[in-house]
2 protein chains.
Amino acid sequence: MTTLRRVADRPTWLLSRANARAQGLLAEAFAAAGVRGYHFRLMAALEQLGPCSQADLGRATAIDRSDVVAVLDDLDAWGLTRRKPDPADRRRNVVLLTEDGAARLEELDAVLGGVQEAVLEPLSAAERATLLRLLRRLAPEG
Amino acid sequence: MTTLRRVADRPTWLLSRANARAQGLLAEAFAAAGVRGYHFRLMAALEQLGPCSQADLGRATAIDRSDVVAVLDDLDAWGLTRRKPDPADRRRNVVLLTEDGAARLEELDAVLGGVQEAVLEPLSAAERATLLRLLRRLAPEG
DNA sequence: TCCTGGTCGTTGGTAGGACCAACGATAGCC
DNA sequence: GGCTATCGTTGGTCCTACCAACGACCAGGA
């Protein structure tokens with residue numbers, strides 16, 4: 001691609017390119033494992049919060065309630081999570097991580113770790129720390 | 001949002017958050033000016049390359065040929081670009097930037113500059129330089 | 001000269017992430 | 001009992017990014 005004077009070297013552009021590469025590697029690794037990012041995020045939240053409602057999961061992961069439904073449909077079908085009606089509140093489902101789900105989460109966490117290594121591969125350890133510190137300052141709420 | 005141990009602090013996550021903020025500011029500023037990123041990228045390429053075919057524009061901007069069509073439809077309708085059949089090759093259109101287009105490009109370039117300032121606002125000048133240097137190393141092809 | 005392979009603009013479709021509005025059912029408060 | 005809010009769910013939208021295929025056209029070799 002021809003270097004575009006008015007576009008390349010803009011921080012917004014560099015950020016989008018670096019992110020595109022990272023998300024590409026991530027999506028590729030997750031796809032090879034048969035999942036998408038939403039599946040991992042939901043399972044990670046479920047493990048951390050313990051059994052909870054779909055609305056709680058949505059809030060914890062910043063995933064829209066309507067999208068939570070579809071992702072849980074997948075996870076349920078795969079036997080990684082289970083929905084049960086909440087006896088204390090009949091509007092709610094209690095969602096819980098199965099044993100298979102917990103095991104799968106560990107596998108996917110390792111996949112995710114490998115992706116981080118691939119993304120940061122061009123940088124030294126000190127540079128990685130610097131980058132993360134600066135990115136944290138740029139990112140919202142944190 | 002509850003901090004998710006297995007997700008937050010991952011470089012891929014920080015990158016996506018920082019990028020989301022930057023792209024949000026960018027999209028907002030462009031939307032206020034009545035355009036999207038593609039419109040700017042295409043006009044920037046057109047100014048830099050001079051009159052050329054749609055396929056050339058697609059290659060220069062890494063925008064798919066099929067998307068170039070729709071964006072040029074907009075720009076033509078706004079009087080910012082013009083398509084003419086290429087007499088030397090009847091498969092092609094020659095696309096050129098009108099005077100209005102060149103003027104609009106300058107305006108939008110200033111808008112883009114303002115966004116960069118807003119994005120990097122949390123960082124000092126030295127930190128900004130460091131960040132850009134590191135991001136360049138992470139981004140593909142350059 | 002014909003044929004083949006490649007390119008051009010264009011149409012139409014897909015995918016993922018992120019949203020939003022609305023519904024019936026249900027809970028909690030006054 | 002009535003009002004308001006929340007729950008899960010359905011069914012959309014938008015944007016960026018792709019990909020496949022079409023008819024038209026060009027350039028090369030046989």
Side-chain angles (χ1 to χ4, degrees), chain A residues 1 7 12-13 15-17 19-31 34-42 51-76 81-95 140, chain B residues 1 7 12-13 15-17 19-31 35-42 52-76 81-95 140:
Chain A
M1 171 175 153
V7 174
T12 45
W13 183 255
L15 218 33
S16 91
R17 293 335 300 159
N19 184 57
R21 173 164 165 272
Q23 299 307 316
L25 290 170
L26 183 56
E28 196 179 345
F30 273 163
V35 301
R36 287 175 297 141
Y38 275 12
H39 295 122
F40 179 80
R41 265 160 78 185
L42 233 45
C52 60
S53 73
Q54 299 181 198
D56 287 339
L57 284 178
R59 280 184 290 264
T61 56
I63 297 176
D64 192 89
R65 292 207 311 276
S66 60
D67 298 320
V68 170
V69 173
V71 177
L72 281 184
D73 285 347
D74 291 339
L75 294 174
D76 277 20
T81 59
R82 214 162 42 228
R83 279 185 268 211
K84 301 191 305 187
D86 185 339
D89 185 338
R90 295 196 312 205
R91 291 170 305 181
R92 298 185 181 175
N93 288 333
V94 176
V95 184
Chain B
M1 174 175 154
V7 175
T12 46
W13 183 256
L15 219 32
S16 90
R17 293 334 300 160
N19 184 56
R21 172 164 164 272
Q23 299 306 317
L25 290 170
L26 183 56
E28 195 180 345
F30 273 163
V35 300
R36 287 174 298 142
Y38 275 12
H39 295 121
F40 179 81
R41 265 160 78 185
L42 232 44
C52 60
S53 73
Q54 298 181 200
D56 288 338
L57 283 178
R59 279 184 290 263
T61 57
I63 297 176
D64 193 90
R65 294 205 314 277
S66 60
D67 298 319
V68 170
V69 174
V71 177
L72 281 183
D73 285 348
D74 290 339
L75 294 174
D76 277 20
T81 59
R82 215 164 39 231
R83 280 187 266 212
K84 302 190 306 186
D86 185 342
D89 185 340
R90 293 194 315 201
R91 291 171 304 181
R92 298 184 180 176
N93 288 334
V94 176
V95 184

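Just so it is clear, the model here is predicted, and its values are computed rather than measured. Here is how names work: the chains are called A, B, and so on, in the same order as the sequence lines, proteins then strands, and each is numbered from 1.
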Closest contact, heavy atoms only, L72(B) versus L57(B):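 Scanning both residues, the minimum pair turns out to be CD1-CD1, 4.4 Å.
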Could you state the [atom1]-[atom2] distance from [X] to [N], rounded to the nearest angstrom?
X	N	atom1	atom2	answer
Q23(B)	dA18(C)	CD	P	13 Å
D86(A)	dT26(C)	CG	C1'	12 Å
F40(B)	dC15(D)	CZ	P	19 Å
R41(A)	dG17(C)	CZ	C1'	9 Å
D64(B)	dA21(D)	CG	C1'	13 Å
D74(B)	dT10(C)	CG	P	13 Å
L57(B)	dT10(C)	CG	P	12 Å
N19(B)	dC15(D)	CG	P	17 Å

message: Closest-nucleotide mapping onto DNA chain C: is V94(B) or S66(A) further toward the 5' terminus? I mean the 5' end.
response: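 Nearest-nucleotide comparison on DNA chain C picks V94(B).
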message: Let me spell it out: for each of S16(B) and S53(B), pick the nucleotide of DNA chain C with the closest heavy atom. Which residue's pick is nearer the 5' end?
response: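 Comparing both residues, the 5'-ward one is S53(B).
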- request: Would you give the length of the straight line joining atom CD of Q54(B) to atom CZ of R92(B), rounded to the nearest 0.5 angstrom?
  value: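 One finds 11.5 Å between CD of Q54(B) and CZ of R92(B).
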- prompt: Between atom OH of Y38(B) and atom CG of D67(B), what is the distance when rounded to the nearest 0.5 Å?
  reply: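 Spacing of OH (Y38(B)) from CG (D67(B)) equals 5.0 Å.
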task: Tell whether D89(B) reaches the base of dC8(C) with its side chain through a donor-acceptor pair below 3.5 angstrom.
output: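 Not at all, since no donor on one side and acceptor on the other fall under 3.5 Å apart.
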- prompt: Hey, does the side-chain of D67(B) have a donor or acceptor N/O within less than 3.5 Å of a partner on the base of dC18(D)?
  reply: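 Present.
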- prompt: Start at the 5' end of DNA chain D and walk down; is the nucleotide closest to N93(A) or to P87(B) reached first?
  reply: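 Final value for this comparison: N93(A).
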task: On DNA chain D, check which nucleotide each of A27(B) and A55(A) is closest to and give me the residue with the more 5' one.
output: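 So the residue in question is A55(A).
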Just compare [options] and give me whichever is closest to any side-chain atom of [X].
X	options	answer
R90(B)	dA18(C), dC25(D), dA17(D)	dC25(D)
R36(B)	dA18(C), dC15(D), dC8(C)	dC15(D)
Y38(A)	dC8(C), dG9(C), dA18(C)	dA18(C)
R92(B)	dT10(D), dC25(D), dG9(C)	dG9(C)
R91(B)	dA24(D), dC20(C), dT9(D)	dA24(D)

message: Measuring to OP1 and OP2 of dT7(C), would you say a side-chain N or O of R59(B) lies under 4.0 angstrom away?
response: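 R59(B) to dT7(C) OP1/OP2: no side-chain N or O under 4.0 Å.
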field: OP1 or OP2 of dC8(C) under 4.0 Å from side-chain N/O of Q54(B)
entry: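 Indeed not, no polar side-chain atom of Q54(B) lies that close.
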field: Note, Q23(B) side chain near N19(A) side chain (heavy atom, < 4.5 Å)
entry: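 Answer no - side chains too far apart.
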- prompt: Within a strict 4.5 Å, meaning less than it, do heavy atoms of the R83(B) and D73(B) side chains meet?
  reply: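 R83(B) vs D73(B): side chains touch.
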query: Hey, is the main chain of V95(B) close enough, under 3.5 Å, to the side chain of N93(B) for a donor-acceptor pair?
result: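 Judged by distance alone, no pair lies under 3.5 Å.
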